[in-house]
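We're numbering straight along the sequence, starting at 1. Order of listing sets the numbers, starting from 1, for every ligand and every atom in it.
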Amino acid sequence: MKFATKTIHAGQPSEPETGSLIAPIFQTSTYEQEAPGQDKGYSYSRTNNPTRERLETVLAELEGAKYAAAYASGLAAENAVLQAYLRPGDEIITSLDVYGGTYRILNRVFQPIGVVVRQIDTGDLKAVEAAVSSRTRILWIESPTNPRLLITDIAAVGKIAHKHNALMVVDNTFATPVFQQPFQLGADLVLHSVTKYLAGHSDTVQGAVLAQDQAIFEPVKYLQNATGAIPSPFDCWLTLRGLKTLELRMQRHEENARAIADALKGHPLVRRVYYPGLPDHPGHEIAARQMSGFGGMVSFELAGAKEEVEAFASSRRYFALAESLGGVKSLICHPASMTHASIPPEARAELGLSDMLLRLSPGCENHEDLVSDLLEGLAEIERARSTKKPVAAASR
Ligand SMILES: Cc1ncc(COP(=O)(O)O)c(C=O)c1O
């Protein structure tokens, strides 16, 4: 079965009792038993639920994995992995550029209980080798990263992890299984904020962890029931619906991202464009090797003042100023004050996260509309500078 066929057919037969083409939402907390302890495979919906099970089946198929567990959010999924594998004194290595919530859970939740967190440039394999010690339990890779779309050679880091008996966890949220298959690159666990491209419509918050090896999966799966951060059946159903167009949507997201990166590159008001599809992106060659597409996100630094960045971000016609990404409707985000605000300013400066950075999540609209909206915003800044008037705030 090819990828697009899986998104529609894997684990999703018509409902056997009625023939309903789309299975109903099993909105139930519990299941009647025939005799004490004799159930039909379902006893309580925290433990298992047919709608969630359908979602887990298709997610595993898409990622080329044997096992999947769905969680109430991407961070709940992260927590399950970290809680399953880290004990006081253990070490975890991750990228400098990483989702702000991942930074927060590592540095504010796990570091205070004695876990050693090392943030390094995982694009530099020598730095990875130098950071690994006998206490390293996890190498945690985001590629492309949030928000600068930096690239790590996943297969090379996997080899280092395995040489030192550590696990490699890959957060595949940005690439999605459409463009990147981390298990083929040596991942032990793959993680998703399902909230983003997988669900795809900005209407639900969910996460997932996937694995190939039962022994590696089991401690993470155990926490799904034992700590209870599960998604509701309705949320799982929304994702099952969204997944059916995943490949189509990703193709459009990528088309739009490319058009935007090309239009912004070289503009006098744009200091730098981050898009792995651009040949001058430092990770371009590795991305071309390990991904089948460059993804749908674009970030860029405005050559301007803070007020100009703020006015630009809050006055776009088609890019709503909002956290999150990966939906059909375009979003713009100012990481320093939004998604990455949980990183203190000094740490942001150290990590190279500029206050001038804007992150775009182009939706599925027409690329010409999106590009002209952004170019119009830049032209507004130029006009305001030439007339010495402040840039107009939200005109949307
Ligand atoms: C790369 C990445 N991983 C994990 C998460 C956390 O997911 P959630 O917001 O669903 O908890 C996010 C959220 O933005 C993300 O961008």
Side-chain angles (χ1 to χ4, degrees), residues 55 59 63 68-83 92 94-110 119 122 138 140-152 154 169-180 182 187 189-210 220 223-224 227 229-232 235-236 238-239 242-243 250 253 274 276 291 295-299 321-327 331-343 351 353 357 359-361:
L55 173 62
L59 288 177
E63 203 66 65
Y71 294 86
S73 69
L75 271 171
E78 293 191 20
N79 185 57
V81 171
L82 299 170
Q83 222 183 323
I92 177 168
T94 189
S95 322
L96 288 174
D97 204 54
V98 76
Y99 167 58
T102 304
Y103 175 96
R104 183 176 52 207
I105 194 171
L106 289 176
N107 290 287
R108 306 268 172 79
V109 179
F110 283 88
Q119 278 191 273
T122 52
I138 297 179
W140 183 286
I141 299 302
E142 247 183 59
S143 184
T145 57
N146 182 357
R148 282 182 295 166
L149 309 167
L150 304 180
I151 301 291
T152 290
I154 297 174
V169 179
V170 177
D171 183 334
N172 207 26
T173 301
F174 270 43
T176 81
V178 174
F179 293 136
Q180 185 165 271
L189 290 164
V190 170
L191 184 134
H192 277 280
S193 169
V194 173
T195 315
K196 311 297 178 346
Y197 288 116
L198 297 187
H201 294 73
S202 305
D203 52 13
T204 175
V205 175
Q206 277 166 81
V209 179
L210 302 105
V220 182
L223 290 171
Q224 183 192 39
T227 62
I230 47 145
S232 76
D235 284 288
C236 293
L238 282 175
T239 299
L243 278 176
M250 291 314 295
H253 287 302
Y274 295 93
M291 300 174 77
M297 298 293 292
V298 188
S299 295
L321 179 63
E323 304 219 358
S324 202
L325 61 110
L331 301 179
I332 187 166
C333 158
H334 180 237
S337 54
M338 298 165 71
T339 48
H340 292 67
S342 57
I343 307 177
L351 300 173
L353 247 178
L357 187 77
R359 191 190 73 185
L360 301 172
S361 171

Taking atom types as modelled, find out whether T227 and Q83 have a side-chain donor-acceptor pair closer than 3.5 angstrom.
-> no
Taking [Y]'s backbone N and O only, do any of them form a donor-acceptor pair with [X]'s side chain (distance below 3.5 Å, no angle check)?
{"X": "S342", "Y": "G100", "value": "yes"}
{"X": "T195", "Y": "Q206", "value": "yes"}
{"X": "S95", "Y": "V98", "value": "no"}

List, pair by pair, the atoms of ligand 1 and of the protein that are both N or O and lie under 3.5 Å apart, giving the separation rounded to 0.1 Å.
| unit_1 | atom_1 | unit_2 | atom_2 | d |
| --- | --- | --- | --- | --- |
| ligand 1 | 3 (N) | D171 | OD2 | 2.6 |
| ligand 1 | 7 (O) | S193 | OG | 3.0 |
| ligand 1 | 10 (O) | G74 | N | 2.8 |
| ligand 1 | 10 (O) | S193 | OG | 2.8 |
| ligand 1 | 10 (O) | T195 | OG1 | 2.6 |
| ligand 1 | 11 (O) | G74 | N | 3.0 |
| ligand 1 | 11 (O) | L75 | N | 2.9 |
| ligand 1 | 14 (O) | K196 | NZ | 2.7 |
| ligand 1 | 16 (O) | N146 | ND2 | 3.0 |

Closest heavy-atom contact between D171 and T173?
-> OD1-OG1, 2.5 Å
CD of E323 to OG of S202: how many Å apart, nearest 0.5 Å?
-> 12.5 Å
